[in-house]
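For reference, the structure discussed in these notes is given below.
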Amino acid sequence: MAEVLKLVAVIAVFVVQVCFAFSSYESDYYNDWLYDVGMPSSRSGGVAKCKKDLLLVVDTSYSIGETSFNQDVKPFLERLVLDPLLNVGEEGTQVGLIIFSEAHKTEKLLNIGKIYDAGELAQFMKGLDWSKVSGGHTRTDVGLKYANEIFSGENPSNNRPDVDDVVVIITDGEPRGRSNTLQLTKEYANDLKEKGILIVGAAVGPDRRKFKHILEELATSSKYVLDADFNQMDDILAKLVASSCIKPSKCSCHEMTSSPIYVKPGDTTAVVEWPIPQFTCKAGRKATLKTTEVTPQITSPHAFAIGEHIISYTFKLKGGVSVTCPVTITVKGELCRGVVFNSGDHVCCCGTIHPRKPGHECCGPDYFNTSNQKCCANANLVSSQDSCPTP
């Protein structure tokens, strides 16, 4: 009992560190998510920030064994749904259950939201009968196939349209059954990830090191794969709760702004090239590009008139996420009666462009040498020795 209490204490610390749902996102792209402390759930629904549609996909193949199933797996599932930070409740996290072994024994035992009270859900887990749920082989592929049927749409447009979807795979071995079982398993996992659904994996049992790399391929990323022996199931409880409660991180990009581009003398536009902006996603988000929209619909290179021009790239990702990246192009140039000129080496005299020269000034449309001429009223040029005419 002392050992169990010690493990629970470790679990609590880890959950407090990680499980709190992300509540807001700072305007700075690189600020971390803020964490809110969760509160225990109740029959009327939890009030904690952790709020997920969580689908457990649990291995019940013969290799698990009846003893481990009854002494480790079932109590683990009970504690999982009772964990206050997972926040099981009508308005909190709702849980579904798929078991998998051989194909005909793989089935959806519980739809998400059918039981939303944490206590009732724990009793459901406690009542699982090994003789009814166990079977040969490890048809992880069939289990994930059913997960795709439950989460048929893109995250989060499935059970609850405003709640993120999470799949948790708990298994003690690699996918087995047919020659293509592993391939199908990966394909079904990719289908889930393509929908933006977070996949967490828990490798259990003495052989977990041998197949953990496979689970890392199935999960959203290796950081979402946990492992423990059957007598250490409590060790992964907190991590599993934490990973399940995490909101897949947002994707973002920096604004791109060009240095000023100057129009060449005599031209009215400048041709500008620019790179397509890149977006990044924080750890845990699988960013699969679905479509790209560009406003206005132009491509690089492009001719721009003088002024500031903003090109918006909207990247729509699998899972309903959109990232908008603006590109700002600044084109500069001075106009002389509608004609662009470079004021560094030319001068505009009343709509007439002249090459810039030392000791010269404008007089109306003319550009004169001040050493031998002067400009009189009404832009009259006379010799510097002469008097200006009387108006």
Side-chain angles (χ1 to χ4, degrees), residues 15 18-23 36-58 73-100 106-128 133 143-170 191-193 195-202 219-220 224 236-248 284 319-320:
V15 171
V18 187
C19 181
F20 306 142
F22 296 116
S23 63
D36 285 331
V37 178
M39 299 296 290
S41 63
S42 65
R43 182 172 296 274
S44 60
V47 295
K49 296 300 180 182
C50 190
K51 185 176 182 179
K52 303 293 170 185
D53 283 336
L54 178 66
L55 182 59
L56 299 172
V57 183
V58 180
V73 178
K74 284 205 302 183
F76 170 81
L77 294 175
E78 292 176 51
R79 291 193 298 276
L80 174 66
V81 300
L82 287 171
D83 193 305
L85 290 176
L86 187 59
N87 186 37
V88 170
E90 184 176 9
E91 300 301 323
T93 296
Q94 296 186 4
V95 179
L97 176 64
I98 291 174
I99 57 167
F100 66 94
T106 299
E107 59 179 316
K108 306 171 214 175
L109 286 188
L110 183 67
N111 287 324
I112 294 174
K114 184 174 182 180
I115 301 175
Y116 52 77
D117 177 76
E120 292 180 17
L121 194 54
Q123 286 299 313
F124 178 87
M125 300 300 181
K126 186 176 182 179
L128 295 175
V133 300
L144 293 184
K145 177 184 177 182
Y146 290 163
N148 273 285
E149 292 175 359
I150 291 176
F151 290 146
S152 59
E154 292 186 351
N155 178 49
S157 59
N158 289 294
N159 185 52
R160 289 179 290 177
D162 59 339
V163 178
D164 283 312
D165 305 318
V166 180
V167 170
V168 174
I169 306 169
I170 303 174
D191 288 343
L192 289 167
K193 288 184 281 191
K195 299 171 188 174
I197 294 166
L198 180 68
I199 301 180
V200 179
T220 294
Y224 291 103
I236 69 169
L237 177 61
K239 297 179 183 179
L240 186 56
V241 171
S243 299
S244 301
C245 195
I246 287 175
K247 179 180 180 64

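Position 1 is the first residue of the sequence; numbering continues from there. The analysis underlying the following values was restricted to heavy atoms, covering all of them including side chains, and did not include hydrogens, waters or symmetry mates.
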Does the side chain of [Y] come within less than 4.5 Å of [X]'s, by heavy atoms?
| X | Y | result |
| --- | --- | --- |
| N158 | D53 | no |
| V167 | I98 | no |
| L86 | L54 | yes |
| I112 | F151 | yes |
| D164 | P156 | yes |
| I170 | F76 | yes |
| V168 | L80 | no |

Can you check side-chain contact (heavy atoms from CB on, under 4.5 Å) on M125 and V58, steps first, answer last?
CA-CA 11 Å; M125 300 300 181; V58 180; over 6 Å; no

Tell me whether [X] contacts the main-chain N or O of [Y] through its side chain, where contact means a donor paired with an acceptor under 3.5 Å.
| X | Y | answer |
| --- | --- | --- |
| N111 | G96 | no |
| N155 | D165 | yes |
| R160 | K52 | yes |
| Q123 | G119 | no |

What pair of heavy atoms forms the shortest contact from [X] to [Y], and how long is it?
| X | Y | answer |
| --- | --- | --- |
| V88 | V81 | CG2-O, 3.3 Å |
| L121 | L110 | CD1-CD2, 3.4 Å |
| A219 | Y224 | CB-O, 4.2 Å |
| T220 | K193 | CA-CD, 3.9 Å |

When rounded to the nearest 0.5 angstrom, what distance separates [atom1] in [X] from [atom2] in [Y]?
| X | Y | atom1 | atom2 | answer |
| --- | --- | --- | --- | --- |
| L144 | I199 | CG | CD1 | 6.5 Å |
| I169 | L192 | CD1 | CG | 8.0 Å |
| L128 | L97 | CG | CG | 6.0 Å |

Determine, step by step, whether V133 and L109 satisfy the side-chain contact (heavy atoms from CB on, under 4.5 Å) criterion, reporting the C-alpha distance in whole Å, the side-chain angles of both residues, the deciding distance to 0.1 Å, and the verdict.
CA-CA 9 Å; V133 300; L109 286 188; 4.1 Å; yes

Start with the C-alpha gap between V57 and Y146, add the side-chain angles, then the distance that decides, and say whether side-chain contact (heavy atoms from CB on, under 4.5 Å) holds.
CA-CA 9 Å; V57 183; Y146 290 163; over 6 Å; no

Salt bridge (charged side-chain N to carboxylate O under 4.0 Å, His left out) with K145: which residues, sequence neighbours excluded?
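Per chain and number, K145 pairs via salt bridge (charged side-chain N to carboxylate O under 4.0 Å, His left out) with no residue.
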
Go through the structure and list residues passing side-chain hydrogen bond (donor to acceptor under 3.5 Å, both in side chains) with N148, not counting sequence neighbours.
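Residues passing side-chain hydrogen bond (donor to acceptor under 3.5 Å, both in side chains) with N148: K195.
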
